[in-house]
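Residue numbers run from 1 in the order of the sequence given.
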Amino acid sequence: MLFNSFIFVIFFILVLILYFSFSRKYRIQNYILLVASYVFYGYWDYRFLFLIFVSSIVDYFVGLKVFSETNQKKRKFFLLVSMCVNLGFLGFFKYFNFFADSLVDFLMLFGMKPDMPTLNIILPVGISFYTFQTMSYTIDIYRKKLEPIKDFPDFLLFVSFFPQLVAGPIERAVNLLPQIIQPRKITIDQVKAGLFLVVWGYYKKVVIADNVAAISDQIFNGYTNYHGLDLLIGVLAFTFQIYCDFSGYSDIARGISKLLGFELMVNFRLPYFALNPSDFWLRWHISLSSWLRDYLYIALGGNRKGSIMTYRNLSLTMLLGGLWHGASWNFVLWGAFHGLILVIYRLFDRNPEHEDPWGGQYSKIRILSKMALMFVLTMIGWVLFRAHTIDQIIYFFTQISVFTEDIYQTRSLLGNLLFFIIPLVIIQIVQYRSRNLLILTTYKPVIQGLIYGYMLIWIVVFNVRESVEFIYFQF
């Protein structure tokens with residue numbers, strides 16, 4: 001069920017009516033949300049409800065055993081059970097064919113022609129997200145940072161909470177579970193913020209992402225027909241497409257959660273204003289980057305064992321982070337690229353300007369130059385992320401400096417792109433300067449009304465008529 005579909009609007013209205021019919025009985029509200037979450041997920045393919053249910057059962061009982069067990073070896077054993085089940089599901093459904101095909105290609109380099117099995121495996125929507133969410137629960141209990149929940153339906157709701165189930169944010173139990181197991185009070189400020197996030201999220205998705213997708217798809221899919229500035233426009237279009245698509249989903253998820261009385265973590269904090277790679281990952285897909293930091297990078301040793309091991313840990317973390325995004329070598333390359341620039345910046349740029357860039361300690365030219373450089377590096381990474389083959393990657397990087405004389409085509413592509421992204425850039429500058437993602441909700445009612453009216457009109461007029469799936473549903 002897509003957020004940007006008519007069926008979801010009807011679904012959410014019905015859920016809200018039922019939910020607020022029992023406003024003084026939060027336990028009944030939890031059952032309503034649990035049933036709604038399973039209906040929401042089962043709408044994609046009811047067969048995958050079995051996977052999320054099994055994963056929930058395993059981590060529920062493992063959490064209880066890890067917490068109650070005093071023998072350290074047994075605690076590790078139960079944690080290993082959870083890891084094997086969750087990563088086993090993820091590995092089979094997401095990576096089996098990838099590794100099988102890669103092995104065949106490798107053996108063929110030596111003249112072998114193996115007949116490896118290939119299965120027609122359908123990737124369950126959101127499996128990467130809820131797998132990491134349930135794993136963090138058992139790991140936190142193992143680390144004695146969390147006590148297990150006793151009520152099984154509440155745990156099922158934690159795993160399957162529909163606003164963030166299929167594309168995040170990847171919530172931690174320490175944040176979401178306390179909100180599930182106690183009554184929720186919805187304030188006026190929550191409603192105002194929730195409505196803004198929903199409208200803003202839909203605007204970013206159906207107005208910006210889906211429209212600039214036509215430009216990026218046109219250029220990436222027919223890349224051999226383009227050179228120079230046209231290729232650059234294609235990369236820029238995808239840069240805004242993926243940001244508006246994914247952050248738009250996160251905004252809608254946070255917005256509808258606020259309307260239900262829940263507070264989800266901020267998943268995007270103006271990432272294209274980042275000054276360096278570390279700053280970027282403090283702003284982009286924060287729930288994943290913080291998960292990788294807390295459960296992978298630190299587990300590998302973090303920065304506690306010297307510079308060489310730190311660089312290794314950074315590189316390995318980003319490699320696996322790239323692979324998390326999909327079973328394809330271009331995602332691995334993308335992760336490797338971000339690992340590389342993290343290491344390079346750590347070697348040569350030790351000044352953390354991003355902690356207080358505008359405090360007067362640094363010149364504006366320095367800050368803006370570093371921001372521009374990081375934006376260019378991010379765009380280079382998006383070429384690796386979006387391209388399907390090595391030949392396509394090489395073509396982009398070699399032909400992007402080859403200029404043609406078709407000024408009309410370039411002007412048309414650039415004009416269409418700027419038409420959709422300039423309003424976004426203006427609003428994001430306002431948010432950045434104010435250091436407040438919800439700054440628009442503090443304006444006078446008349447100003448807010450004009451902004452909402454503008455966004456709603458654009459949503460109606462420029463909405464791509466068929467519901468376009470969110471990019472991160474593939475991951």
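A distance below 6.0 Å separates the ring centres of Trp458 and Phe419. Here the two rings, on Phe268 and Phe246, have centers that are under 6.0 Å apart. Within the 6.0 Å centre-distance limit, the rings of Phe220 and Phe396 are counted as a close aromatic pair. The aromatic ring centres of His338 and Trp284 sit 6.0 Å or more apart. Residues Phe161 and Phe262 bring their aromatic ring centres within 6.0 Å. The aromatic ring centroids of Trp334 and Phe331 lie 6.0 Å or more from each other. The six-membered or imidazole ring of Phe420 lies near that of Phe462, with a centre-to-centre distance under 6.0 Å. In summary, the aromatic rings of Phe48 and Trp44 are positioned with their centroids too far apart to meet the 6.0 Å limit.
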Next on the checklist: What verdict does the side-chain contact (heavy atoms from CB on, under 4.5 Å) test give for Gln218 and Leu413, after you've listed the backbone C-alpha separation in whole Å, the side-chain angles of each residue and the deciding distance to 0.1 Å?
Outcome noted: CA-CA 10 Å; Gln218 175 184 337; Leu413 290 169; 4.1 Å; yes
Checklist entry - Please walk me through it: do Arg386 and Asp217 pass salt bridge (Lys or Arg N to Asp or Glu O under 4.0 Å)? => result CA-CA 10 Å; Arg386 177 62 175 81; Asp217 289 347; 3.0 Å; yes
Next on the checklist: Quick one, Tyr203 with Tyr452, criterion side chain to side chain donor-acceptor pair (under 3.5 Å). Give me CA distance, side-chain angles, the key distance, then yes/no.
Outcome noted: CA-CA 10 Å; Tyr203 178 86; Tyr452 277 117; over 6 Å; no
Checklist entry - Should Tyr31 and Asp154 be marked as a side chain to side chain donor-acceptor pair (under 3.5 Å) after you check the CA-CA gap, both sets of side-chain angles, and the distance that decides it? => result CA-CA 8 Å; Tyr31 288 119; Asp154 283 350; over 6 Å; no
Checklist entry - How far apart are the C-alpha atoms of Met265 and Arg254, what are their side-chain angles, what is the distance that settles it, and do they pass the side-chain contact (heavy atoms from CB on, under 4.5 Å) test? => result CA-CA 8 Å; Met265 69 177 297; Arg254 291 183 61 225; over 6 Å; no
Next on the checklist: Does Leu384 form a side-chain contact (heavy atoms from CB on, under 4.5 Å) with Phe397? I'd like the steps, not just the answer.
Outcome noted: CA-CA 10 Å; Leu384 304 176; Phe397 290 144; 4.1 Å; yes
Next on the checklist: Checking Val191 against Lys258 for the side-chain contact (heavy atoms from CB on, under 4.5 Å) test, could you report, in this order, the C-alpha distance in whole Å, the side-chain angles of both residues, the deciding distance, and whether it holds?
Outcome noted: CA-CA 7 Å; Val191 173; Lys258 283 179 179 290; over 6 Å; no
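Side-chain atoms of Gln431 and Asn436 include no donor-acceptor pair closer than 3.5 Å. Side-chain N/O atoms of Gln241 and Asp245 include no donor and acceptor closer than 3.5 Å. Donor-acceptor pairing under 3.5 Å is recorded for the side chains of Tyr19 and Arg184. Residues Tyr432 and Trp358 have side chains that bring a donor and an acceptor to within less than 3.5 angstrom of each other. A side-chain donor from one of Asn330 and Ser328 sits under 3.5 Å from a side-chain acceptor of the other. Side chain to side chain, Asn86 and Thr131 fail the donor-acceptor criterion of an N or O pair below 3.5 Å. Gln428 and Tyr243 are linked by a side-chain donor-acceptor pair at a separation below 3.5 angstrom, with hydrogens and angles left out of the test. No hydrogens or angles considered: nothing links the side chains of His388 and Tyr223 as a donor-acceptor pair under 3.5 Å.
In this structure, the separation between CD1 on Ile439 and OG1 on Thr442 is 3.5 Å, given to the nearest 0.5 Å. Between the OG1 atom of Thr378 and the CG atom of Leu373 there is a distance of 9.0 Å, given to the nearest 0.5 Å. Atom CZ of Arg269 sits about 11.5 Å away from atom CZ of Arg435, to the nearest 0.5 Å. Note: Ser136 OG to Tyr295 OH = 4.5 Å, rounded to the nearest 0.5 Å. Taken from CG in Asn4 to CG in Asp210, the straight-line distance is 6.5 Å, to the nearest 0.5 Å. From Leu165, atom CG reaches atom CG of Leu157 across 10.5 Å, with rounding to the nearest 0.5 Å.
Taking the six-membered ring where tryptophan is involved, the planes of Tyr137 and Phe158 are tilted, since the angle between them lies from 30° to 60°.
Considering all non-hydrogen atoms of both residues, Leu34 and Pro153 come closest at CD2-O, 3.9 Å. Between Ile215 and Leu417 the shortest heavy-atom distance is CD1-N, 3.7 Å. Residues Ile341 and Pro277 approach most closely at O-CG, 3.6 Å, considering heavy atoms. Across every non-hydrogen atom of Val199 and Ile459, the tightest pair is O-CD1, 3.9 Å. Of all heavy-atom pairs between Thr239 and Tyr272, the closest is O-OH, 2.6 Å. Heavy-atom minimum distance, Tyr362 versus Pro357: CD1-O, 4.0 Å.
Within the 4.5 Å cutoff, the side chain of Ile256 has heavy atoms near those of the Phe3 side chain. Side-chain contact between Tyr297 and Leu316: absent, with no pair of heavy atoms (C-beta onward) separated by less than 4.5 Å. Between Leu232 and Leu236 there is no side-chain heavy-atom pair separated by less than 4.5 Å. The closest side-chain heavy-atom distance from Ile7 to Leu2 is not below 4.5 Å. The shortest side-chain heavy-atom distance between Phe273 and Ile429 falls under the 4.5 Å cut-off. With contacts defined as side-chain heavy-atom distances shorter than 4.5 Å, the pair Leu438/Phe196 qualifies. A heavy-atom distance below 4.5 Å is not found between the side chains of Arg293 and Trp281. Using a 4.5 Å cut-off on side-chain heavy atoms (C-beta onward), Phe337 and Ile380 make contact.
None of Phe12, Tyr43, Tyr41 except one satisfies the side-chain contact (heavy atoms from CB on, under 4.5 Å) rule with Phe162; the exception is Phe12. For the ring pair (Phe, Tyr, Trp, His ring centres under 6.0 Å) with His285, the qualifying choice from Phe280, Trp324, Phe132 is Trp324, the only one to do so.
Between Lys205 and Asp251 there is no salt bridge, since no side-chain nitrogen of the basic residue lies less than 4.0 Å from a carboxylate oxygen of the acidic one. A salt bridge links Arg172 with Asp294: at least one charged nitrogen is closer than 4.0 Å to a carboxylate oxygen. Between Lys370 and Asp279 no salt bridge is recorded (no basic side-chain N to carboxylate O distance below 4.0 Å).
Applying the side-chain contact (heavy atoms from CB on, under 4.5 Å) rule to Leu296 yields the partners Leu292, Leu300, Thr317, Leu320; only residues at least two apart in sequence or on another chain are considered.
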